[in-house]
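This report refers to the structure that appears directly beneath it.
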Amino acid sequence: MCGIVGVVGKRNANQSLYDALTVLQHRGQDAAGIVTCQDDRFFLRKDNGLVRDVFRTRHMQRLAGNVGIGHVRYPTAGSSTSAEAQPFYVNSPYGITLAHNGNLTNTAELADGLLKSDLRHINTNSDSEVLLNVFAHELQVQGKFVPTHNEIFKAVKEVHKRCRGGYAVIAMITGYGILAFRDPHGIRPVCYGKRETDLGTEYMISSESVALGALGFELVRDIAPGEAVYIENDGQLYTEQCAENPQLNPCIFEHVYFARPDSIIDNISVYKARLRMGEKLAQKVKRLRPDHNIDVVMPIPDTSRTSAMEMAFELGVKFREGFIKNRYIGRTFIMPGQSERKKSVRQKLNPIDLEFKDKNVMLVDDSIVRGTTCREIVQMARDAGAKNVYFASAAPEVRYPNVYGIDMPAKSELIAHDRSVEEIQTLIGADWLVYQDLEDLIQCAKEGNESVVDFDCSVFNGQYVTGDISETYLNRLEQARSDTTKNKQNVEEVDDTVIDLHNDA
C-alpha cells in the first residue's frame, strides 16, 4: 500500500507536496519521494525513511517549481531498497515521472514485452517502473512533438488494455502537466480537489481526501474507475473515460484498516463505515451471547477505535483505552519475520493494569492477519489482571492473499487459512473470539454509496475481481511473500551493504 499526491499550483508546490505526504504517511513508512518541475527541468529527491527524515531544508530548497508529484511507500512488489523508492523517471518521451499505488498482476508478461517489443529496459523489480514504461511507450509511438490531452488519454487507453491489476497513478510530463488515472475496477483510491488563490485555481490529486482537506483544498470528486484526469501546467483541466468496461469494485480493506477515518473514499465516509462495523459486531454478540458478561470494551489502537467505541455503546458497557501506543513503532504486519513482529508488539503497546484487573475484557481489532499480534496482546491483557479476555475482529477471517497492492503474508502464514474460528481462538489464547460476517461488512461500507456494484473482498472470500488470478500465480506469490524468502532477502541486502562499504573503503 502506498500514498500518492500531485499538485498543479500557482506558487512553489514543494511545501504542499511535503505536507500532503505527511498526512498520507500512514499509507507507507518505507520510503518517500518528491519530484517537481520548473522551466522544463525536473528536480527529484527520494530515499528510504519517513517523510520527515527524507526531506531536509536543503532538499526542499532544490525542489523548485509550481508542479510536482509525491509518493510514500511500503514494499509490495520489489524490495525495500532505496532503488525502489518512487517516483520513477524515464527520459523518453518528454521526460516522465510516475508514482503508483497498487500492484500489477501481469508484471512479468509486461516486462518481457517491454524488452522484446518496446525495446525498453527495466532497471528494478518494481511493477511501478513497468507501468511507467508501458505508458511512456504508448505515448511515444504517437510521435507528437507536443502532447495534447488527446494523445495522453489515448496512451492511457492502451495502458488499460495492456495492464491488469489494481493501480492508481499520478504522472508528471515534464514541462506539460500532471496526469492521474485509475484502474478499470477502481480498486485503489484516488481523488482530486481544487483551491482558489489570489493567483488563480490550484489543483491537488491524492490517494485520500484527508490530504486535500488538510491543505485547504475542496474535494471535487473521486476519479472514476478507468478515468483519466490531465491538468496542464497553466491549470487547464481535462477528463476522459479511458476504459472500455469500467466497473467500481473498490478494495473494502481500505475501510477496514488502511484509510484514515477522516477520509471520504468513493463517497463513503471511512469513519461512518467503521461505526457501522462496531454496531454490527455488537448485534452479533447479542445474537450469540445475549447474556454476555463483558465488563469493558477496549480497542487495539488506532484503527479499531471507532468500531470499538460504537460496539461498546450498542452493548451498553464501558469503553476504555486499555493500551497506550508508542507512535514511533511502525505497523507490525508489514514487518518481516515473526521475531521482529513479536518484539515490536511489546514495544508498541503498554497496558494500563487498573483497566484490566478482575474484569471481563472485550478487545477489538480491525482485523486478524497472522495472529501474532493478537496472541501477544491477549497475553498482555491476562498479565495485566483480566479475568477473561474476549476478542472481536471488525473484519471477517483473512484467508487469502491480496494481489492488488497490500503486501499481506503468504497464504500459509495467515492464521485463518484452513482453520476454524475455534482453532484460531485457541491459537491466540482468547476465551472467546468473534469475527464480523462478510455480508455485514459489505453492508457497512455499501450503505455509504449504493452505486458501488461490488467490493473487492478477495482477502476474505478468495474472489479476485480482475478475473485473471490463477492457482499458479498464487503459488508464485506464496513463495515470494513467505517469511523464509523475506528473511533470506534481508540477509542478502545486509551482505550487499557490507560489500558496498568494503568497496568504498
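Just so you know, these numbers use all the heavy atoms, side chains as well, and skip hydrogens, waters and symmetry mates.
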>> Working note: D30 + E84, criterion side-chain contact (heavy atoms from CB on, under 4.5 Å); need CA distance, chi angles, decisive distance, verdict.
In response: CA-CA 10 Å; D30 180 67; E84 307 290 324; over 6 Å; no
> Is the backbone N or O of E355 less than 3.5 Å from a side-chain atom of R320, with the two atoms forming a donor-acceptor pair by type?
Replying inline: no
>> For Q379 and D383, which I'm curious about, is there any donor-acceptor pair between the side chains at under 3.5 Å?
In response: yes
>> Assess the residue pair N360 and H292 against the criterion (side-chain contact (heavy atoms from CB on, under 4.5 Å)); give the C-alpha distance rounded to whole Å, side-chain angles, the decisive distance to 0.1 Å, and a yes or no.
In response: CA-CA 10 Å; N360 299 312; H292 70 82; over 6 Å; no
>> Please determine whether side-chain contact (heavy atoms from CB on, under 4.5 Å) holds for the pair L414 and R399, giving the CA-CA distance in whole Å, both sets of side-chain angles, and the decisive distance to 0.1 Å.
In response: CA-CA 6 Å; L414 297 170; R399 298 188 183 277; 5.7 Å; no
>> Looking at K411 and E471, is there a salt bridge between them, counting it only when a charged N and a carboxylate O are closer than 4.0 Å?
In response: yes
> Shortest non-hydrogen contact from E397 to A416?
Replying inline: CB-CB, 3.7 Å
> So, the side chain of S307 versus the backbone of S304: is there a donor-acceptor pair under 3.5 Å, distance only?
Replying inline: no
> Is any side-chain N of the basic residue among R276 and E310 closer than 4.0 Å to the acidic one's carboxylate O?
Replying inline: no
> According to the interplanar angle, ranging from 0 to 90°, do the rings of H160 and F181 count as parallel (below 30°), tilted (30 to 60°) or perpendicular (above 60°)?
Replying inline: perpendicular
> Is the shortest side-chain N to carboxylate O distance from K284 to D440 below 4.0 Å?
Replying inline: no
>> Using side-chain contact (heavy atoms from CB on, under 4.5 Å), reason through E196 and E218 one step at a time and then give a plain yes or no.
In response: CA-CA 9 Å; E196 300 299 335; E218 174 191 355; over 6 Å; no
> Does the salt bridge (charged side-chain N to carboxylate O under 4.0 Å, His left out) test come out yes or no for K387 and D431, once each step is laid out?
Replying inline: CA-CA 10 Å; K387 187 190 303 181; D431 295 296; over 6 Å; no
> After noting the C-alpha distance and the side-chain angles of E254 and R27, does the key distance pass the salt bridge (charged side-chain N to carboxylate O under 4.0 Å, His left out) rule?
Replying inline: CA-CA 10 Å; E254 291 278 353; R27 300 187 69 85; 2.9 Å; yes
> Under a 4.5 Å cut-off applied to non-hydrogen side-chain atoms, are E227 and P246 in contact?
Replying inline: no
> Counting only heavy atoms not in K272, do more than 12 fall under 6.0 Å of its NZ?
Replying inline: no
> Is E321 salt-bridged to R305, cutoff N-O under 4.0 Å?
Replying inline: yes
> Of the non-hydrogen atoms in I442 and I252, which two are nearest, and what is the gap between them?
Replying inline: CA-CD1, 3.9 Å
> Is there side-chain contact between I406 and Y74, with heavy atoms separated by less than 4.5 Å?
Replying inline: yes
>> Counting only heavy atoms from other residues, nucleotides and ligands, does the tally under 6.0 Å from NZ of K286 exceed 12?
In response: yes
> Would you say the side chain of I424 lies within less than 4.5 Å of the side chain of Y435, judging by non-hydrogen atoms?
Replying inline: yes
> Does atom CD of E450 have more than 12 heavy-atom neighbours, drawn from other residues, nucleotides or ligands, at distances under 6.0 Å?
Replying inline: yes
>> For V72 versus L24, what's the shortest heavy-atom pair and its separation?
In response: CG2-O, 3.4 Å
> In terms of heavy-atom contacts, does NZ of K194 have more than 12 from other residues, nucleotides or ligands at under 6.0 Å?
Replying inline: no
> Strictly under 6.0 Å, is that where the ring centroids of F356 and F323 end up?
Replying inline: yes
>> Once you measure the plane-to-plane angle for Y404 and Y464, does it fall in the parallel (<30°), tilted (30-60°) or perpendicular (>60°) bin?
In response: perpendicular
> CZ of F313: more than 12 outside heavy atoms within 6.0 angstrom?
Replying inline: no
>> If the threshold is 4.0 Å, N to carboxylate O, is there a salt bridge linking E376 and K348?
In response: no
> Side chains of V285 and W432: closer than 4.5 Å at any heavy-atom pair?
Replying inline: yes
>> Could you tell me if the side chain of L349 sits less than 4.5 Å from the side chain of I300, heavy atoms only?
In response: yes
>> Has D222 got a side-chain atom pairing as donor or acceptor with D266's backbone, closer than 3.5 angstrom?
In response: yes
> Shortest non-hydrogen contact from I187 to G165?
Replying inline: CD1-O, 4.1 Å
> So which heavy atom on R260 is nearest to which on R274, and how close?
Replying inline: C-NH1, 4.4 Å
>> For H71 versus I4, what's the shortest heavy-atom pair and its separation?
In response: CD2-CG2, 3.6 Å
> So, are R370 and E413 salt-bridged, with charged N and O less than 4.0 Å apart?
Replying inline: yes
>> Just so I know, are the side chains of R188 and C251 near enough to count as touching, which here means a heavy-atom distance under 4.5 Å?
In response: yes
> Is the closest side-chain heavy-atom distance between K46 and F88 below 4.5 Å?
Replying inline: yes
